[in-house]
Amino acid sequence: KKSGKRVEALPTTNFLYPNPASQQVTITIPDYNAPASYQIIDMQGRLVQQGQVNTTQQSIDVSGLASGLFVFHLQYEQGFATTRKLLIQR
């Protein structure tokens, strides 16, 4: 028997843009999935930035990150998560 928990993690469109980014990225999530937390991890596995997403659309300052490829991990309070590659390019 299903628990009835909503399992729709993300819309089918890109939720993290622009990508590649230089100064900031915008994250868009469905309102029923907020709040969520995010982590940005470099290619060596180091956590370089983290924070909370408390609205359906939120800008995240990435100007302090070096140019390169990162992993953007989004974790919802309901327990499910998603990961995207994020390219910082200047």
Side-chain angles (χ1 to χ4, degrees):
K1 184 177 178 182
K2 292 186 177 185
S3 67
K5 182 189 281 188
R6 191 171 220 158
V7 294
E8 299 158 65
L10 290 172
T12 55
T13 59
N14 191 358
F15 74 94
L16 182 67
Y17 59 91
N19 194 1
S22 61
Q23 299 298 312
Q24 72 176 20
V25 293
T26 299
I27 182 167
T28 302
I29 59 175
D31 59 352
Y32 54 77
N33 285 330
S37 60
Y38 72 88
Q39 296 178 327
I40 301 176
I41 302 161
D42 69 13
M43 289 293 101
Q44 288 72 44
R46 295 180 298 232
L47 177 64
V48 294
Q49 189 170 326
Q50 63 184 343
Q52 290 291 121
V53 180
N54 296 308
T55 61
T56 57
Q57 186 169 348
Q58 182 172 320
S59 293
I60 299 169
D61 181 7
V62 293
S63 62
L65 298 179
S67 294
L69 189 61
F70 296 85
V71 173
F72 186 93
H73 180 76
L74 186 65
Q75 177 76 45
Y76 294 101
E77 280 191 353
Q78 294 94 329
F80 44 87
T82 190
T83 301
R84 297 283 192 274
K85 291 179 182 175
L86 171 63
L87 180 61
I88 303 298
Q89 195 170 44
R90 294 192 184 85

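- In this structure, H73 NE2 and Q50 CD are separated by 11.5 Å, a value rounded to the nearest 0.5 Å.
- Partner of V48 under the side chain to side chain contact (heavy atoms under 4.5 Å, CB included) criterion, chosen from I41, D42, V71: D42.
- Residues L69 and L47 share a hydrophobic cluster, clusters being chains of Ile/Leu/Val/Met/Phe/Trp/Tyr side chains in contact below 4.5 Å.
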Report task. Begin from the C-alpha positions of S37 and Q52 and carry the test side-chain contact (heavy atoms from CB on, under 4.5 Å) through to its verdict. Result -> CA-CA 4 Å; S37 60; Q52 290 291 121; 3.2 Å; yes

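- Residue Q49 comes nearest to Y38 through the heavy atom pair NE2-OH, 3.5 Å, listed as atom of the first residue, atom of the second, then distance.
- In this structure, the side chains of T82 and F15 come closer than 4.5 Å at one or more pairs of heavy atoms.
- Put simply, the side chain of Q75 never gets that close to the backbone of Q39: no donor and acceptor are under 3.5 Å apart.
- Across all their heavy atoms, T26 and S59 have their closest contact at OG1-OG, 3.5 Å.
- Looking at I60 and I27, their side chains come closer than 4.5 Å, going by heavy atoms from C-beta outward.
- A pairwise comparison of heavy atoms in A21 and L86 identifies CB-CD1, 4.5 Å as the closest pair.
- Side-chain atoms of I29 and L74, non-hydrogen and from C-beta on, do get closer than 4.5 Å to each other.
- Judged purely by atom type and a 3.5 angstrom limit, R90 uses its side chain to pair as donor or acceptor with the backbone of S22.
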